[in-house]
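Read through the structure below, which is laid out as structure tokens, and then see the notes.
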2 protein chains.
Amino acid sequence: MQENDVYRNLLTQKGLRITDVRVKVLEILDDAESPMTVEDVFTCLRNMMIPANLSTVYRTMDVLLKNGLIAKTTLLDCNKSMYEYKRVEHKHHLVCIACNRMISLEDCPINDEYAREMCRRQGFELTGHKLEIYGLCPKCK
Amino acid sequence: MQENDVYRNLLTQKGLRITDVRVKVLEILDDAESPMTVEDVFTCLRNMMIPANLSTVYRTMDVLLKNGLIAKTTLLDCNKSMYEYKRVEHKHHLVCIACNRMISLEDCPINDEYAREMCRRQGFELTGHKLEIYGLCPKCK
DNA sequence: GTGCATGCAAAGTCTTTGCAGGATA
DNA sequence: TATCCTGCAAAGACTTTGCATGCAC
């Protein structure tokens, strides 16, 4: 149960109660290679014998998101929200325009100076950024 | 009617029929300073005395999008689709995380080499990219 | 005149909410 | 025990679709 403790601690640190659903959702998203939809997580929970209600999953995502434990993304050709475990401040993806497969990118080519300059010009206070690179994945080429 | 001719020509070039709604939607999006929701465009049409049905506006967006005349975006904290006139191949935005105000950016800090390299590693064929910079706008600071 | 575009209404999908019962601290 | 979490069902928001009518070419 060593890994579970990580998620339990995260929840405790944020002043959130520890429940099976929350711990498992964090675990699922942490293990995922790319962002997941609420439906994906819901199905995953079922398979792990933790049959949570769909609305509970939505509420869980909301709580984890508001507490900064996960991140939210939306794809161009898909109106669903996607969530992923928050490892770093921001995250970038490679997205297949045909099948919507997403691959997370580790690198970040955006230097803060550029973002800061854009914000300065418009009087914005910089908080973050998101980059998506689109293409056709090997299967869809 | 000189400007309208631009939109009429665009439609004709794509083999699409010219209708009041299509021409006006292109004009509205072209005049807009930032991406608009379907609802925004719908209201705008009403004000211009071209009372189209909401579903017609959705269908119009779809046709214009599929023919590459407009571009689609989705914001992080808003599940609505946003559309804008397609002036260039890709588009970047400054987004206020509080009020969702969007400002289009002209510059592009992403060099194709970076995007191409990321694609090469994963076997993707590059088609484009999207960058959003998040912050707090002057009114929301 | 033919084929595509539109209006209208209905349905579909994703997400949110109210309330009562149950679990956590 | 008090508070927060969950399940269930209903509603809400955004979007899509079927069909008959109307318009562009």
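Convention: sequence-line order gives letters A, B, ...; per-chain numbering from 1. None of these values were measured; they are calculated from a predicted model.
With a 4.5 Å cut-off on side-chain heavy atoms, A/L131 and A/L105 do not count as touching. Using a 4.5 Å cut-off on side-chain heavy atoms (C-beta onward), A/H92 and A/I133 make no contact. Within the 4.5 Å cutoff, no side-chain heavy atoms of A/Y83 are placed close to those of A/V25. Counting heavy atoms from C-beta on, the side chains of A/N79 and B/S81 come closer than 4.5 Å. A/H93 has its side chain within reach of A/E84: a pair of non-hydrogen atoms, C-beta onward, lies under 4.5 Å apart.
Between the C1' atom of D/dC5 and the CG atom of A/L64 lies a distance of 13 Å, rounded to the nearest Å. We find that NZ of B/K80 is positioned 17 Å from P of D/dG12, with the value rounded to whole Å. Computed from coordinates, the B/Y83 OH to D/dC14 P distance equals 13 Å when rounded to whole Å. Between A/R22 atom CZ and D/dC4 atom P there is a gap of 11 Å when expressed in whole angstrom units. Computed from coordinates, the A/Y58 OH to D/dG7 P distance equals 15 Å when rounded to whole Å. Regarding A/D62, its CG atom lies at a distance of 12 Å from the P atom of D/dC5, rounded to whole Å. Counting to the nearest Å, the P atom of D/dC14 and the CE atom of B/M61 are 14 Å from each other.
Residues satisfying the salt bridge (Lys or Arg N to Asp or Glu O under 4.0 Å) test with A/E117, not counting sequence neighbours, are A/R120, A/R121.
Between the side chains of A/T37 and A/D40, at least one donor N or O sits under 3.5 Å from an acceptor N or O.
For DNA chain C, the contact window with chain A, defined by any atom under 4.0 Å from a protein heavy atom, covers C/dC14 to C/dA25 in 5' to 3' order.
Within the structure, every pair that satisfies the salt bridge (Lys or Arg N to Asp or Glu O under 4.0 Å) test and touches residues 15-24 of chain B, not counting sequence neighbours, is listed here: B/K24-B/E27. Among residue pairs with one or both ends in residues 42-64 of chain B, those qualifying as salt bridge (Lys or Arg N to Asp or Glu O under 4.0 Å) are B/D62-B/K66; sequence neighbours excluded.
Proximity of residues 42-56 of chain B to DNA chain C (heavy atom under 4.0 angstrom from any strand atom) is restricted to B/P51, B/A52, B/N53, B/S55, B/T56.
The residue A/I18 sits close only to the backbone: its heavy atoms come under 4.0 Å of sugar-phosphate atoms, none of a base. Heavy atoms of B/V21 sit under 4.0 angstrom from primed sugar atoms or phosphate atoms, though from no base atom.
Across all their heavy atoms, B/L45 and B/A52 have their closest contact at CD1-CB, 4.2 Å. A/F42 and A/L54 get closest at one heavy-atom pair: CE1-N, 3.7 Å.
In this structure, A/T19 reaches the D/dT6 phosphate: one of its side-chain N or O atoms is under 4.0 Å from OP1 or OP2.
Residue-to-nucleotide contacts include a donor-acceptor pair under 3.5 Å from the side chain of A/R17 to the base of D/dC4. Residue-to-nucleotide contacts include a donor-acceptor pair under 3.5 Å from the side chain of B/R59 to the base of D/dG18.
Taking the C1' atoms of five terminal pairs at each end of the helix from C/dG1-D/dC25 to C/dA25-D/dT1, the two resulting helix axes are inclined by 40°, rounded to 10°.
Using a distance-only test at 3.5 Å, with no hydrogens or angles considered, a donor-acceptor pair links the side chain of B/N53 to the main chain of B/S55.
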